[in-house]
Amino acid sequence: MTPPNSPETPESAPRPSNFIREIIIDDVRTGKHNGRVITRFPPEPNGYLHIGHAKSICLNFGLAKEFGGATNLRFDDTNPEKEEQEYVDSIIANVQWLGFQWQDPIHYASDYFQQLYDWAIQLIRGGKAFVCDLNAEQMRQHRGTLTEPGTPSPFRDRSVEENLDLFARMKNGEFPDGARTLRAKIDMASPNLNMRDPVMYRILNAEHHRTGNTWCIYPMYDYAHGQSDSIEGITHSLCTLEFEDHRPLYDWFVQQLGIFAPRQIEFDRLNLTYTLLSKRKLLQLVQDGHVRGWDDPRMPTLAGIRRRGYTPEAMRNFCANIGISKTNGTIELGLLEHYVREDLNKRAPRYMAVLNPVKVVIENYPEGETEWLDAVNNPEDESAGTRKVPFSRVLYIEQDDFKEDPPRQFFRLSPGREVRLRWGFYITCQSVVKDDAGNIVELRCTYDPATRGGGAPDGRKVKATIHWVSAEQALDAEVRVYNTLFSKENPNEVEEGQDFLANINPNSLEVITGGKLEPALGTLKPFDGVQFERLGYFCVDPDSTPGKPVFNRTVALRDTWAKIEKRDKAK
RNA sequence: UGGGACGUCGUCUAACGGUAAGACUGCAGACUCUGGAUCUGCGUAUCGGGGUUCGAAUCCCUGCGUCCCAGCCA
């Protein structure tokens, strides 16, 4: 197999394997299912997809593709109270954004409601299911505990006829919500709680986003999932570790029904430092206004990271390399950022932008004059070409790039020192202008016309190259700089009586309004990703308006100087 | 105190009875018109205790630790 996006990269580094892939290799080798591999990605449409889902998507689609199979997209829509069309739409868009194509058509568990109902009747006829009149509280009491067996429902031995009648009446809407359930008749003494006569159907007079009011009884996950897999001919049904205890039940239904038996295999859920991957908690962040929405660039949702500027390629590389196992681990955020930088470094065009400007006046440059200098768009990609950047007497540079009293390893501009302006000239700082309060308002510099383009004919060297923007042509921009949403590696680690909200990082969003951009940056479209030289990768936010661009910082560049500074401060 | 699963560098993953390997991070250096990128080097790990074996991360026993399960959620 050839990776589609990297023709120059031979398959030198073999795709990392994992235990599921080994199982499939073995199945294919032994001719199980005639070598067919069909997987599925089965989200419940009750929220937005997040990075954890990306791992599952990459696994399912990746494996099927590798073995010449296919992957179904199936919505597990068996709980109408929590599910909405909005979520269906966003999930479809997210899967496509990640770059995967499912086998047509899109499936829904709700497509199988009638078949599931018919199978339930079959189980009733076989004495394998019964209608139970216990309410939720009573059922809990009968279930027993982790250490004590349960006790059978008093309704367990109803006749087949009575069960058939009652179940039909449940379906016909004769009973209120919660009045009765249909339960599988398995083993109330099983050490696995899932096998203690689990509920198959509950009465729910709720409108379903697809089936409307056709049904007032809805199948439970355990009853619907395996059979849905079976109907679709799924060969390998991959899910996360918490479903291990459900596998015996999954197998039980399929076996009792005598239908095609997929194999459920469980793998570890993704955890990321400084990040929460729980739909419930993400929903709370949105509803309580801690973030600006599901697609807030600080959110770990796919909509959020897309807006943040993370690329599908980076996400796929990340997922392919974190591995699949059964260990409960936590990936460091830095690893994700590594893959983002790696991808963007190859592809993002470079521009110059000054986020915290200080004015520089080139004293020996003529007033009112502008010249256009050539700048390389991407040193990593010659085909990206060059562009013109205006240079004039008044410029902006980054405040951090000047220190009146430079510390030992500071190479940038300071009084009397010469540095290079990227793609421009060598300049030397002659004097510093301050206001009455002592704040620096302006740097007076001179330039060397012989260094045009950045080279010195006499061969003299400078230790630093800094970025800059010509004041006259500069575009004003809002730049949103993001930090982690939580200040703790594990946001769930809290003191007694607190919840994860206590760990929200108050500095997760920093809005810079006085950013200065080189003019070429005005031609970009929303979601375009670029590098601001020496600062990081940024992308255009959809909040941008024609006169007022808004950028999001995707991820900062690795910053050796910041590291030195931090270390020195710690001393 | 039931059942299910899992313990390998700081983190994640590999090694399938035969020299514990890779990635990220960290540190040091080279190079550089981005203190970017790239390149080079260095470092740290088999949960504990027994056993089987010529040989154990791997098999067995035992202890310890972590995660999941008592929804008419998925």
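Chain letters run A, B, ... following the sequence lines, proteins first, then strands; residues in each count from 1. Atom set for the values below is all heavy atoms of this structure, side chains included, hydrogens, waters and symmetry mates excluded. Model, not experiment: these values are computed from the prediction.
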May I ask you to test the [X]-[Y] pair for a side-chain heavy-atom distance under 4.5 Å?
| X | Y | value |
| --- | --- | --- |
| A:Ile466 | A:Arg534 | yes |
| A:Glu382 | A:Val376 | no |
| A:Lys55 | A:Arg269 | no |

Ignoring backbone atoms, test whether [X] places a side-chain nitrogen or oxygen under 4.0 Å from the OP1 or OP2 oxygen of [N].
| X | N | result |
| --- | --- | --- |
| A:Arg202 | B:rA74 | yes |
| A:Arg350 | B:rA37 | no |
| A:Arg140 | B:rG71 | yes |
| A:Arg558 | B:rG35 | no |
| A:Lys563 | B:rG26 | yes |
| A:Thr78 | B:rA74 | yes |
| A:Thr560 | B:rG36 | yes |
| A:Ser325 | B:rU13 | yes |

Protein-nucleotide distance ([X], atom [atom1]; [N], atom [atom2]), rounded to Å:
| X | N | atom1 | atom2 | answer |
| --- | --- | --- | --- | --- |
| A:Leu333 | B:rG10 | CG | C1' | 16 Å |
| A:Lys82 | B:rC73 | NZ | P | 8 Å |
| A:Asp268 | B:rU66 | CG | C1' | 14 Å |
| A:Arg269 | B:rC67 | CZ | P | 15 Å |
| A:Tyr218 | B:rG71 | OH | P | 23 Å |

_Face-on cation placement of A:Lys326 at A:Phe267 ring, 6.0 Å and 45° thresholds_ =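 Not satisfied by the 6.0 Å and 45° rule.
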
*Examine A:Arg210 relative to A:Tyr108 and say whether NZ or CZ is less than 6.0 Å from the centre of the six-membered ring and inside a 45° cone about the ring axis.*
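Yes, A:Arg210 and A:Tyr108 form such a contact.
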
_Given B:rG2, B:rG35, B:rG36, identify the nucleotide with an atom nearest to the side chain of A:Asn345._
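Of all the options, the side chain of A:Asn345 is nearest to B:rG36.
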
_Minimum-distance nucleotide (side-chain atoms of A:Asn79 versus B:rC72, B:rG35, B:rA74)_ =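 The answer is B:rA74.
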
*Between A:Glu66 and A:Arg21, does at least one N-O distance fall below 4.0 Å, as a salt bridge requires?*
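Between A:Arg21 and A:Glu66 there is a salt bridge, with a charged N closer than 4.0 Å to a carboxylate O.
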
Under 4.0 angstrom, heavy atoms only, what part of the nucleic acid is [X] near: base, sugar-phosphate, or nothing?
| X | answer |
| --- | --- |
| A:Glu44 | sugar-phosphate |
| A:Glu148 | nothing |
| A:Thr330 | sugar-phosphate |

_I'd like to check, for A:Tyr221, whether its ring lies over the base of B:rA74 with centroids under 5.5 Å apart and a plane angle smaller than 30°._
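Taking the rule of under 5.5 Å and under 30°, the ring of A:Tyr221 does not stack on B:rA74.
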
*Report the glycosidic orientation of B:rG71: syn if within 90° of 0, anti in every other case.*
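Chi for B:rG71 falls in the syn range.
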
*Please collect all ring pair (Phe, Tyr, Trp, His ring centres under 6.0 Å) contacts where either partner lies in residues 173-207 of chain A, sequence neighbours excluded, each pair once.*
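Pairs touching residues 173-207 of chain A that pass the test: A:Phe167-A:Tyr201, A:Tyr201-A:Tyr223.
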
*Under 3.5 Å donor-acceptor pair, A:Glu380 side-chain atoms to B:rU38 base atoms*: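 Result: no qualifying N/O pair found.
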
*Counting only non-hydrogen atoms, which of residues 238-254 of chain A are less than 4.0 Å from RNA chain B?*
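RNA chain B contact set from residues 238-254 of chain A: A:Glu242, A:Phe243, A:Glu244, A:Asp245, A:His246.
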
